[in-house]
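Heads up: the structure comes next, in structure tokens.
No hydrogens, no waters, no symmetry mates; every other heavy atom, side chains included, goes into these values. Below, chains carry the letters A, B, ... as their sequence lines are ordered, and counting in each starts from 1.
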Number of protein chains: 2
Amino acid sequence: MLAIGTLAKRTGTKVQTIRYYEQIGLMPEPGRTDGGQRRYGDAELDRLAFIRHARQLGFSLEAIRELLDLSDMPDRSCAQVDAIAQKQLREVEARLVRLEALRIELQRMIGACNADRVADCRILEVLRDHEECLADHAATG
Amino acid sequence: MLAIGTLAKRTGTKVQTIRYYEQIGLMPEPGRTDGGQRRYGDAELDRLAFIRHARQLGFSLEAIRELLDLSDMPDRSCAQVDAIAQKQLREVEARLVRLEALRIELQRMIGACNADRVADCRILEVLRDHEECLADHAATG
DNA sequence: GCTTGAAGCTACAGCGGCTGTAGATCGTAT
DNA sequence: ATACGATCTACAGCCGCTGTAGCTTCAAGC
């Protein structure tokens, strides 16, 4: 039986984060000692490792919730799992496109400035006047 | 003199966002009508456009605050402006690297799965077992 | 058995950057 | 004069944690 701190170390999670996951129902309420401290078994360790790994891959907690639910239904079709992963991939790809546009714009902006004084700074000028931009860099990505 | 809604439309900002910027001191407190409604001039329009454009390029509100402060000091060296932009560029580049690693991992994961049933789903397996990953995709990017 | 210090507990506030709501008031066109 | 959209304030909520304060419990050493 593992204390919360041990679980935290083993999965690279903060103790508060584990309690947060419990609070939002992503982790189950574990057993407790007589004194009221949480004690975890291997199932919880695995579940938390799954969650953390999915988080590292950028899945939202909602998506992870779905994935966990699905993985409790081994006989079901795996299409839904696939769909969630595909969606995540598409989101990542979209963010890549936007970020790349940002990178280019920032580079151009920085490259254009060889002024000394703020008054002549091309960076500020570009920021002031949107027309000077090539791409329409929409969101942050 | 522009009402807040007009300012919002002209800059592609939500009304609440403008009020939020005022609240955190990024936008100045504007004049008011007798009835208490905000009225804006061209200076505020320009300032808000600057803010929104910088946001689109991924600058944080804190960075934007610095940029705005600097642009009020036209005789100063433009080096600090450059530094802020460089930092932003470096952050964007770092995020690109991480996102690209994510993309590859997701693609690999999805490509590996040709199962029908959840029980055999490679996607879930990979999520369960970090060892099956190539890269160490740290943060979300 | 007793002491100590680390680790755990609850409850709540705060981060960034907005967004949405409720319920009242204002401004303007007809 | 009226109607209706726009604006007002104040506050809660979003995501995914993270940090704090002020307690209690656990486990190791004596």
Per-nucleotide protein contact string for nucleotides 22-30 of chain C (B base, S sugar-phosphate only, - none; heavy atom under 4.0 Å): ----SS---

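As a whole-Å value, the separation of K14(A) NZ from dG8(C) C1' is 16 Å.
The phosphate of dG17(C) (OP1 or OP2) has no side-chain N or O of T17(B) nearer than 4.0 angstrom. The phosphate of dG17(C) has OP1 or OP2 within less than 4.0 Å of a side-chain N or O from R55(B).
For E91(B), the salt bridge (Lys or Arg N to Asp or Glu O under 4.0 Å) partners at least two apart in sequence or on another chain are K87(B). Considering only residues two or more places apart in sequence or on other chains, E125(B) meets the salt bridge (Lys or Arg N to Asp or Glu O under 4.0 Å) condition with R122(B). Partners of R117(A) under the side-chain hydrogen bond (donor to acceptor under 3.5 Å, both in side chains) rule, at least two apart in sequence or in another chain, are D120(A), D75(B). Under the side-chain hydrogen bond (donor to acceptor under 3.5 Å, both in side chains) criterion, Y40(B) pairs with no residue, sequence neighbours left out. Scored by the side-chain hydrogen bond (donor to acceptor under 3.5 Å, both in side chains) test, Q107(B) finds R103(B) as partners (sequence neighbours excluded). Residues forming a side-chain hydrogen bond (donor to acceptor under 3.5 Å, both in side chains) with Q80(B) (at least two apart in sequence, or on another chain): R76(B).
Running 5' to 3' along DNA chain D, contacts with non-hydrogen atoms of chain A at under 4.0 Å begin and end at dG16(D) to dA27(D).
If you check every strand for non-hydrogen atoms under 4.0 Å, R65(A) touches nothing.
Linking Ile, Leu, Val, Met, Phe, Trp and Tyr whenever their side-chain heavy atoms come within less than 4.5 Å leaves L89(A) and V97(B) in two separate clusters. The hydrophobic cluster containing M73(B) also contains I123(A), counting ILVMFWY residues as joined when their side-chain heavy atoms lie under 4.5 angstrom apart, directly or transitively.
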Indicate every side-chain donor-acceptor pair of residues 28-36 of chain B with a distance under 3.5 Å to a residue at least two apart or in another chain.
from	atom 1	to	atom 2	distance (Å)
R32(B)	NH1	G36(B)	O	2.8
T33(B)	OG1	G35(B)	N	3.3
T33(B)	OG1	G36(B)	N	3.2
T33(B)	OG1	Q37(B)	N	3.0

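Where F59(A) and A3(B) each meet DNA chain D at their nearest nucleotide, the meeting point lying more 5' is that of A3(B). When each of S60(B) and Q16(B) is assigned the nucleotide of DNA chain C bearing its nearest heavy atom, the one mapping closer to the 5' terminus is S60(B).
Within residues 18-27 of chain B, the residues having any heavy atom under 4.0 Å from DNA chain D are, by residue number, R19(B).
For the helix from dG1(C)-dC30(D) to dT30(C)-dA1(D), the rotation axes defined at the first and last 5 base pairs enclose an angle of 10°, given to the nearest 10°.
Atom-to-atom distance recorded for R95(B):CZ and L102(A):CG is 7.5 Å, nearest 0.5 angstrom.
Sorted by first and then second residue, the salt bridge (Lys or Arg N to Asp or Glu O under 4.0 Å) pairs involving residues 35-51 of chain B (not counting sequence neighbours) are E22(B)-R38(B).
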Please evaluate residues L127(B) and I51(A) with respect to the criterion side-chain contact (heavy atoms from CB on, under 4.5 Å), reporting the C-alpha separation (whole Å), side-chain torsions for both, the decisive distance (0.1 Å), and the verdict. CA-CA 8 Å; L127(B) 286 173; I51(A) 294 170; over 6 Å; no

Residues Q88(A), V92(A); criterion side-chain contact (heavy atoms from CB on, under 4.5 Å); working and verdict: CA-CA 6 Å; Q88(A) 175 60 16; V92(A) 165; 3.6 Å; yes

